K.L.:
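The structure that follows is given in the form of structure tokens.
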Amino acid sequence: MNRGRFITVEGIEGVGKSSNIGVLVEHIEQAGFEVLTTREPGGTPLAEDIRNLLMHRGDETIPEIAELLLMFAARSLNVNNNIKPALEAGKWVVCDRFTDSSRAYQGGGRGLPMEVINHVADWVHGELWPDVTILLDAPVEVALGRANHRGAPDRIEREKHEFFARVRECYLNLANAEPDRFVVIDTTRSLEDVQADVMLLVQRLLSNN
Ligand code: Z5A
């Protein structure tokens with residue numbers, strides 16, 4: 001059986017990942033493919049426990065390196081227990097964040113060296129990289145303005161504007177460096193316009209399948 005396609009969705013918080021993943025998955029399913037939808041950190045019971053530790057434990061300082069390693073520990077679980085088996089079974093996989101988040105947040109945001117992150121990534125998932133990465137992009141003030149309308153912020157969401165500006169810049173640099181993998185979608189427009197772009201992208205992927 002053919003290996004399914006691996007699609008990741010990235011961006012700073014509030015850019016609209018959750019608002020667009022549903023449309024993305026629905027379109028692929030309508031074309032007759034089975035889809036595994038997953039997220040990082042998380043996706044398996046143990047990885048979801050790691051997510052809870054990362055997002056909500058405010059009682060102990062988490063050094064940047066511990067944060068990075070916990071992200072990759074969760075990723076190792078998700079890759080081996082979810083993503084690889086699904087792809088091997090011919091399913092498509094849509095993952096809300098993947099290693100580009102570690103590059104952008106722990107690299108761009110926290111300042112950890114990119115070569116260390118890439119080395120750990122190589123160790124954890126080797127040659128498995130997304131076929132397509134959708135980078136939903138908006139200026140920090142737009143994205144955070146939307147995110148702020150929600151409930152109490154988690155540990156990472158409490159970071160300052162400059163942190164998210166570095167994360168966004170890193171994402172845009174990653175997209176420039178790998179134009180064949182990344183598709184950047186401007187989400188300052190209406191949700192309908194953004195979703196229309198997402199649907200066009202899916203049609204393109206399906207016609208190349
Ligand atoms: N993290 C990390 O540091 N390193 C890693 O390796 C990984 C993750 C994997 C959890 O991510 C945190 O983990 C994240 C990075 C870190 N921390 N932060 N920040 P997450 O993905 O679970 O959480 P999030 O980034 O906060 O995403 P989110 O809550 O899912 O937000 P979103 O999906 O991007 O946005 P949304 O919920 O779809 O939309 C936000 C609001 O805007 C909502 O009210 C929508 O109705 C509205 N919206 C969306 N699009 C539009 C448009 N186009 N117009 C108007 N309004 C809109």
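One-based numbering, in listed order, for ligands and for the atoms of each. Remember, it's a predicted structure, so these values are computed and weren't measured experimentally.
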K.L.:
Between Ala147 and ligand 1, which residue portion shows a heavy-atom distance shorter than 4.0 Å: side chain, backbone, both, or neither?
P.N.:
neither
K.L.:
Within ligand 1, which atoms have a heavy atom of Pro41 less than 4.0 Å away?
P.N.:
7 (C), 8 (C), 9 (C), 13 (O)
K.L.:
When you measure from the side chain of Asn82 to the backbone of Asn78, do you find a donor-acceptor pair of N or O atoms at a distance under 3.5 Å?
P.N.:
no
K.L.:
Numbering the atoms of ligand 1 from 1, which are under 4.0 Å from a heavy atom of Glu40?
P.N.:
9 (C)
K.L.:
For atom 3 (O) of ligand 1, what's the nearest protein heavy atom and its distance?
P.N.:
Gln106 NE2, 2.9 Å
K.L.:
So is Arg146 polar-close to ligand 1, meaning N/O to N/O under 3.5 Å?
P.N.:
yes
K.L.:
Consider every N or O of Gly14 and every N or O of ligand 1, then say whether any pair is closer than 3.5 Å.
P.N.:
yes
K.L.:
Look at atom 43 (C) of ligand 1 and say whether a protein heavy atom is found at less than 4.0 angstrom from it.
P.N.:
no
K.L.:
Show me which atoms of ligand 1 lie under 4.0 Å from any heavy atom of Arg189.
P.N.:
52 (C), 53 (N), 54 (N)
K.L.:
Considering only heavy atoms of Phe164, which atoms of ligand 1 have at least one such atom less than 4.0 Å away?
P.N.:
19 (N)
K.L.:
Enter the distance from Ile117:CD1 to Arg110:CZ here, rounded to the nearest 0.5 Å.
P.N.:
11.5 Å
K.L.:
Does the plane of the ring in Phe72 sit parallel, tilted or perpendicular to the ring in His125? Use 30° and 60° as the thresholds.
P.N.:
parallel
K.L.:
Say you draw a straight line from CG of Asp96 to OG of Ser101; how long is it, rounded to the nearest 0.5 Å?
P.N.:
8.0 Å
K.L.:
If we ignore hydrogens and angles and just use 3.5 Å, is the side chain of Gln195 paired with the main-chain N or O of Ser19 as donor and acceptor?
P.N.:
yes
K.L.:
I'd like to know whether ligand 1 has Arg39 as a neighbour, heavy-atom separation below 4.0 Å.
P.N.:
no
K.L.:
Could you tell me the residue and atom name of the protein heavy atom closest to atom 11 (O) of ligand 1, and the distance to it rounded to 0.1 Å?
P.N.:
Arg97 NE, 3.0 Å
K.L.:
Less than 4.0 Å is my threshold; does some heavy atom of Phe72 fall inside it relative to ligand 1?
P.N.:
no
K.L.:
Hey, does the side chain of Thr187 reach the backbone of Leu136 with a donor-acceptor pair shorter than 3.5 angstrom?
P.N.:
no
K.L.:
Where is the nearest protein heavy atom to atom 10 (C) of ligand 1: which residue, which atom, and how far?
P.N.:
Met55 CE, 3.8 Å
K.L.:
What's the separation between atom CZ in Arg5 and atom CG in Asp131, rounded to the nearest 0.5 Å?
P.N.:
5.0 Å
K.L.:
Calculate, to the nearest 0.5 Å, the distance between atoms CD1 and OG1 belonging to Ile21 and Thr38 respectively.
P.N.:
10.0 Å
K.L.:
Test your reading of the structure: does Met71 have an N or O sitting under 3.5 Å from an N or O of ligand 1?
P.N.:
no
K.L.:
Distance to 0.1 Å, residue and atom name: give those for the protein heavy atom nearest to atom 39 (O) of ligand 1.
P.N.:
Ser19 OG, 3.7 Å
K.L.:
Apply the side-chain hydrogen bond (donor to acceptor under 3.5 Å, both in side chains) test between Tyr105 and each candidate in Glu64, Glu13, Arg97, Arg166; give the one that qualifies.
P.N.:
Arg97
K.L.:
Measure the distance from atom 35 (O) of ligand 1 to every protein heavy atom, then report the residue, atom name and distance (to 0.1 Å) of the closest one.
P.N.:
Gly16 N, 3.2 Å
K.L.:
Heavy-atom pairs closer than 4.0 Å: do any link ligand 1 to the side chain of Thr187, the backbone, both, or neither?
P.N.:
backbone
K.L.:
Would you say Arg75 contacts ligand 1, with heavy atoms under 4.0 Å as the rule?
P.N.:
yes
K.L.:
Among protein heavy atoms, which lies nearest atom 18 (N) of ligand 1, and at what distance?
P.N.:
Ile156 CG2, 3.5 Å
K.L.:
Would you say Ser207's side chain and Gln203's backbone share a donor-acceptor pair under 3.5 angstrom?
P.N.:
yes
K.L.:
Counting C-beta onward and ignoring hydrogens, is there a side-chain heavy-atom pair between Leu205 and Ile7 closer than 4.5 Å?
P.N.:
yes
K.L.:
Regarding atom 19 (N) of ligand 1: of the candidates Glu13, Lys17, Arg51, which has the closest heavy atom?
P.N.:
Glu13
K.L.:
Take a 6.0 Å sphere around CD of Glu60 and say whether it holds more than 12 heavy atoms from other residues, nucleotides or ligands.
P.N.:
no
K.L.:
For atom 29 (O) of ligand 1, grab the closest protein heavy atom and report residue, atom and distance to one decimal in Å.
P.N.:
Arg150 NH1, 2.6 Å
K.L.:
Any Lys/Arg nitrogen of Arg39 or Glu48 sitting under 4.0 Å from an Asp/Glu carboxylate oxygen of the other?
P.N.:
yes
K.L.:
Checking Glu10 side chain against Phe98 main chain: does a donor-acceptor pair fall under 3.5 Å?
P.N.:
yes
K.L.:
Below 4.0 Å from any atom of ligand 1, is there a heavy atom belonging to Ser190?
P.N.:
yes
K.L.:
Return the option from Ser102, Ala74, Ser18 holding the heavy atom at the smallest distance from atom 6 (O) of ligand 1.
P.N.:
Ser102
